[in-house]
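See structure below.
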Amino acid sequence: MSNTNEAAGGEARIGKDFIRTIIDAHNQDGRYAGRVHTRFPPEPNGYLHIGHAKSICLNFGLAKEYNGKCNLRFDDTNPSKEEQEYVDSIQEDVRWLGFDWEDRRFFASDYFEKLYAFAEQLITIGKAYVDDLSAEQIREYRGTLTEAGRNSPHRDRSPEENLDLFRRMRAGEFADGERVLRAKIDMASPNMIMRDPTLYRIKRAHHHRTGDAWCIYPMYDFTHCLSDAIEGVTHSVCTLEFENNRELYDWVLDTLGQFPERPYQYEFARLNLTYTVLSKRKLIQLVTEKLVSGWDDPRMPTISGMRRRGYTPASLRDFCERIGVSKANSLVDFALLEHCVREDLNATAPRVMGVLNPVKLVIENYPEGQVDEFDMPFHPEDESMGSRVVPFARELYIERDDFMEEAPKKFFRLAPGREVRLRYAYYVTCTGVEKDAEGNITEIRCTYDPETKGGWSKDGRKVKGTLHWVSTAHAVPAEVRLYDKLFGVENPAGEKDADFRDLLNPDSFQTVSAFLEPCLATVEPGWSCQFERLGYFCSDVRDHVPGKPVFNRTATLRDTWAKIAQKQS
RNA sequence: UGGGGUGUAGCCAAGUUGGCAAGGCAACGGGUUUUGGUCCCGUCAUUCGUGGGUUCGAGUCCUACCACCCCAGCCA
């Protein structure tokens with residue numbers, strides 16, 4: 001069995017955000033001659049999460065909407081944190097989300113030689129200098145938020161001396177941290193970023209792509225704007241924390257002055273989700289401290305975790321579309337994400353039966369050894385999804401929760417003397433229960449009405465409940481994993497100084513053995529379905545073993561079960 | 001108490017040159033239903049962080065204040 005997701009379609013937009021307004025304005029006034037070129041620039045220092053999905057959908061979505069292009073560029077200027085494993089996973093995740101960078105996969109490290117040449121130019125025109133101050137001294141000289149900084153004693157070296165020193169930095173004549181290249185801007189600038197920012201540092205670390213070819217590495221602020229310019233990017237869209245960096249972005253491009261149609265930076269608010277940590281530092285901590293099974297643990301907010309859990313690319317794209325793009329810091333309700341998966345899965349997931357918490361149901365008047373076969377549709381509203389045959393016998397499993405010995409009036413399912421429908425099979429009436437020495441129900445007895453074959457009554461009598469069921473003799477034993485939120489509190493990131501690990505939900509994961517209908521023995525990894533009334537499940541991508549299904553619960557149907565239980569008590 | 005940003009419903013979020021405050025999620029009520037699901041129908045901002053001002057008319061303009069976020073990495 002297989003069900004796959006289509007590639008990123010052109011879903012309708014909810015409302016127009018400020019970035020689209022800006023692009024429209026540029027298209028009006030003729031800037032870039034109508035060209036729209038964006039980029040998604042992750043640092044390969046971790047796996048992508050749902051927050052990145054927002055940026056991916058924005059950047060690739062903008063390009064698609066305006067018939068433009070979007071590059072995938074790895075911002076790999078800090079060799080000590082970056083790894084090939086991360087670039088591989090990032091590429092896989094972007095593709096899985098349904099986006100295509102075509103032949104435009106770049107690395108900032110592709111530009112190291114060019115960047116170095118730009119740095120020499122800056123030195124030549126007297127706009128950059130080599131500083132001998134230590135990191136601590138530079139911090140002291142920088143001043144504070146309210147006091148201006150002081151110039152470094154090395155600030156006025158001649159371009160010739162700076163050039164010589166910078167070349168020797170590259171040649172490896174100095175130790176790590178001994179010297180840096182700094183932009184010569186303004187140590188009294190009210191914008192801290194502009195107080196002679198570091199452009200290059202000496203760092204002997206193995207780079208995942210350039211190996212040991214370099215011992216000096218360019219900093220983000222120098223690299224990013226130039227990479228954008230080199231690639232012909234028009235709209236460089238990043239998150240709010242870079243607002244202060246925009247002045248430097250402009251300074252570098254303008255003082256080099258070689259990019260007549262240069263890119264400009266625009267910022268939007270990053271995603272915050274209730275119950276969810278989206279800080280890479282914390283996510284990596286969950287992985288390295290083995291608080292989760294890995295980056296793709298189904299409880300993780302990573303793209304790979306969500307994929308394994310059974311979220312579909314379309315549902316994630318829809319979510320990103322619905323949350324909108326603005327500059328206001330916000331905290332999106334997890335319920336919206338849930339709604340998006342449910343909406344997609346409701347239309348696309350086949351309906352099958354599985355019993356998670358089984359109790360035996362014996363039909364007293366059903367002949368022993370007899371087997372009925374019912375042809376059951378995979379989807380009640382979509383005939384094109386076809387059907388499968390499900391065997392029915394005298395002894396079945398039903399959900400333990402679907403029976404109550406002393407049931408309140410509002411309980412619609414099975415209870416002594418009450419009649420319910422076994423889905424697509426027969427009406428049955430409970431005649432009694434059998435218990436063990438401790439008084440636990442071991443078996444429920446009932447009789448069936450042969451006249452109700454298929455689940456319809458000819459005399460027009462109605463039943464309030466419809467139960468899912470599985471024949472004990474034909475059932476496929478399976479492992480089902482029920483996941484809850486990893487964090488039991490609304491916004492674990494909100495508590496600034498608290499250790500977020502204290503907020504982990506101890507009940508975030510539970511494994512149960514279940515009984516499924518026979519057709520589920522043949523599912524493929526990643527196949528999603530809805531177990532009638534129990535929620536949406538996805539056959540585990542990673543732990544898939546043919547014939548021995550393992551399912552992760554993607555989403556519950558709704559919270560109504562809790563409410564029903566509450567009303568009944 | 002430096003600079004840069006942001007405040008529209010419980011949560012997101014549209015709001016054009018000032019002219020009756022979109023939409024989605026959540027919630028609540030009703031109908032359909034062989035999933036207590038889905039679907040359908042209805043309700044949900046006399047008010048836009050606050051106070052002044054301009055105007056026939058202000059979420060939009062002016063003004064003063066308040067709250068929150070970001071910046072003192074040789075991280076990105």
Side-chain angles (χ1 to χ4, degrees), chain A residues 14-17 21 41-43 45 75-78 80-82 131 133-135 138-140 142-149 176-182 188-195 197-203 216-217 219-221 223-224 238-247 267 269 274 280-281 321-340 342-343 346-347 351 353 376-377 379-381 410-413 421-425 454-456 463-468 530-536 556-561 563-564 567:
Chain A
I14 309 297
K16 187 154 101 176
D17 56 69
T21 305
E43 181 188 10
N45 66 345
D75 230 328
D76 57 347
T77 56
N78 184 5
S80 56
K81 284 188 178 173
E82 298 152 5
D131 200 346
L133 256 31
S134 68
I138 287 180
R139 194 187 324 122
E140 285 162 24
R142 185 149 32 226
T144 68
L145 295 178
T146 50
E147 299 162 44
D176 287 10
E178 203 176 320
R179 284 186 166 80
V180 289
L181 182 72
R182 292 231 257 168
S189 172
N191 181 356
M192 298 296 290
I193 300 278
M194 298 300 278
R195 321 249 259 227
T198 302
L199 266 22
Y200 267 88
R201 57 172 169 164
I202 302 171
K203 191 174 185 74
I216 58 171
Y217 289 95
M219 305 297 291
Y220 165 84
D221 286 302
T223 309
H224 204 94
C238 65
T239 45
L240 245 33
E241 65 270 27
F242 292 103
E243 280 176 318
N244 298 314
N245 301 57
R246 187 176 59 232
E247 193 178 352
E267 310 88 10
T274 55
K280 224 184 256 188
R281 202 200 98 239
E321 204 62 60
R322 290 184 193 232
I323 55 179
V325 179
S326 76
K327 300 189 72 148
N329 287 314
S330 60
L331 180 61
V332 176
D333 193 335
F334 199 87
L336 180 61
L337 216 207
E338 296 250 276
H339 169 83
C340 292
R342 266 192 263 112
E343 189 180 67
N346 176 53
R351 308 299 146 98
M353 297 191 292
M376 299 170 60
H379 193 114
E381 283 142 28
K410 288 284 190 182
F411 185 77
F412 300 155
R413 289 158 278 163
R421 169 169 40 229
L422 293 178
R423 188 147 219 235
Y424 291 120
W456 290 110
V463 286
K464 277 196 168 165
T466 300
L467 310 190
H468 51 268
Q530 186 199 100
F531 290 173
E532 303 275 3
R533 244 187 50 221
L534 297 175
Y536 297 98
T556 54
L557 290 181
R558 307 211 90 208
D559 297 329
T560 46
W561 290 106
K563 283 177 203 157
I564 289 160
K567 274 184 194 170

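Values below: all heavy atoms of this structure, side chains included; hydrogens, waters and symmetry mates excluded. Naming convention: chains lettered A, B, ... in sequence-line order (proteins, then strands); numbering from 1 in each chain.
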Given atom [atom1] of [X] and atom [atom2] of [N], what is their separation to the nearest angstrom?
X: A:Asn329; N: B:rG49; atom1: CG; atom2: C1'; value: 15 Å
X: A:Arg179; N: B:rC74; atom1: CZ; atom2: P; value: 17 Å
X: A:Phe412; N: B:rU33; atom1: CZ; atom2: C1'; value: 13 Å

Task: Test log, rule side chain to side chain contact (heavy atoms under 4.5 Å, CB included), inputs A:His339 and A:Arg322 - done: CA-CA 11 Å; A:His339 169 83; A:Arg322 290 184 193 232; 3.6 Å; yes
Could you measure between the two [atom1] atoms, the one in [N] and the one in [M], and give it in whole Å?
N: B:rC61; M: B:rU46; atom1: C1'; answer: 22 Å
N: B:rU50; M: B:rG7; atom1: C1'; answer: 11 Å
N: B:rU55; M: B:rU60; atom1: C1'; answer: 13 Å
N: B:rG15; M: B:rG36; atom1: C1'; answer: 40 Å
N: B:rG4; M: B:rC40; atom1: P; answer: 49 Å
N: B:rA14; M: B:rG57; atom1: P; answer: 29 Å
N: B:rG5; M: B:rA9; atom1: P; answer: 23 Å
N: B:rG10; M: B:rG53; atom1: C1'; answer: 33 Å

Has [X] got a side-chain N or O lying under 4.0 Å from the OP1 or OP2 atom of [N]?
X: A:Arg413; N: B:rG36; result: no
X: A:Arg246; N: B:rG5; result: yes
X: A:Thr144; N: B:rA72; result: no
X: A:Arg142; N: B:rG73; result: yes
X: A:Arg423; N: B:rG37; result: no
X: A:Arg558; N: B:rA26; result: yes
X: A:Arg195; N: B:rA72; result: no

TODO: For A:Arg558 and A:Glu338, run side chain to side chain contact (heavy atoms under 4.5 Å, CB included): C-alpha distance rounded to whole Å, both residues' side-chain angles, the deciding distance at 0.1 Å, then the answer.
DONE: CA-CA 9 Å; A:Arg558 307 211 90 208; A:Glu338 296 250 276; over 6 Å; no
TODO: Ignoring hydrogens and angles, tell me if any N or O in the side chain of A:Arg421 forms a donor-acceptor pair with the backbone of A:Trp456 under 3.5 Å.
DONE: no
Is [X] touching bases, backbone alone, or none of the nucleic acid, heavy atoms closer than 4.0 Å?
X: A:Leu133; value: base
X: A:Val180; value: base
X: A:Leu145; value: base
X: A:Thr198; value: sugar-phosphate
X: A:Phe242; value: base
X: A:Leu331; value: sugar-phosphate
X: A:Thr77; value: sugar-phosphate
X: A:Asn45; value: nothing
X: A:Ala335; value: sugar-phosphate
X: A:Gln530; value: base
X: A:Glu267; value: nothing
X: A:Glu43; value: sugar-phosphate

Open item on the list: Any donor-acceptor pair under 3.5 Å linking the side-chain atoms of A:Ser80 with those of A:Asn78?
Closed with: yes
Task: Short side-chain donor-acceptor distance under 3.5 Å, A:Glu247 and A:Asn191 - done: yes
Open item on the list: Between the side chains of A:Glu267 and A:Lys327, is the shortest nitrogen-to-carboxylate-oxygen separation below 4.0 Å, so that they form an ion pair?
Closed with: yes
Task: salt_bridge(A:Arg182, A:Asp131) N-O dist < 4.0 Å - done: yes
- [ ] Using the closest heavy atom to pick a nucleotide of RNA chain B for each, name whichever of A:Asn346 or A:Ala135 lands nearer the 5' end.
- [x] A:Asn346
Task: Residue whose nearest RNA chain B nucleotide is more 5′ - A:Gly465 or A:Asp176 - done: A:Gly465
Under 3.5 Å on both distances, the Watson-Crick or G-U partner of [N]:
N: B:rU6; result: B:rA67
N: B:rC48; result: none
N: B:rA21; result: none
N: B:rU1; result: none

TODO: Apply side chain to side chain contact (heavy atoms under 4.5 Å, CB included) to A:Thr466 and A:Glu532, showing your working.
DONE: CA-CA 10 Å; A:Thr466 300; A:Glu532 303 275 3; over 6 Å; no
- [ ] Classify the side chain of A:Asn244 and the base of B:rG3 as holding, or not holding, a donor-acceptor pair under 3.5 Å.
- [x] yes
Task: Torsion-based syn/anti label for B:rG73, 90° from 0 as limit - done: syn
Which nucleotide in [options] has an atom nearest any side-chain atom of [X]:
X: A:Lys327; options: B:rA76, B:rC12, B:rU6; result: B:rU6
X: A:Glu241; options: B:rG15, B:rC70, B:rC11; result: B:rC70
X: A:Glu381; options: B:rA14, B:rG37, B:rG24; result: B:rG37

Task: Intermediate values then yes/no, side chain to side chain contact (heavy atoms under 4.5 Å, CB included), A:Asn244 and A:Met194 - done: CA-CA 9 Å; A:Asn244 298 314; A:Met194 298 300 278; over 6 Å; no
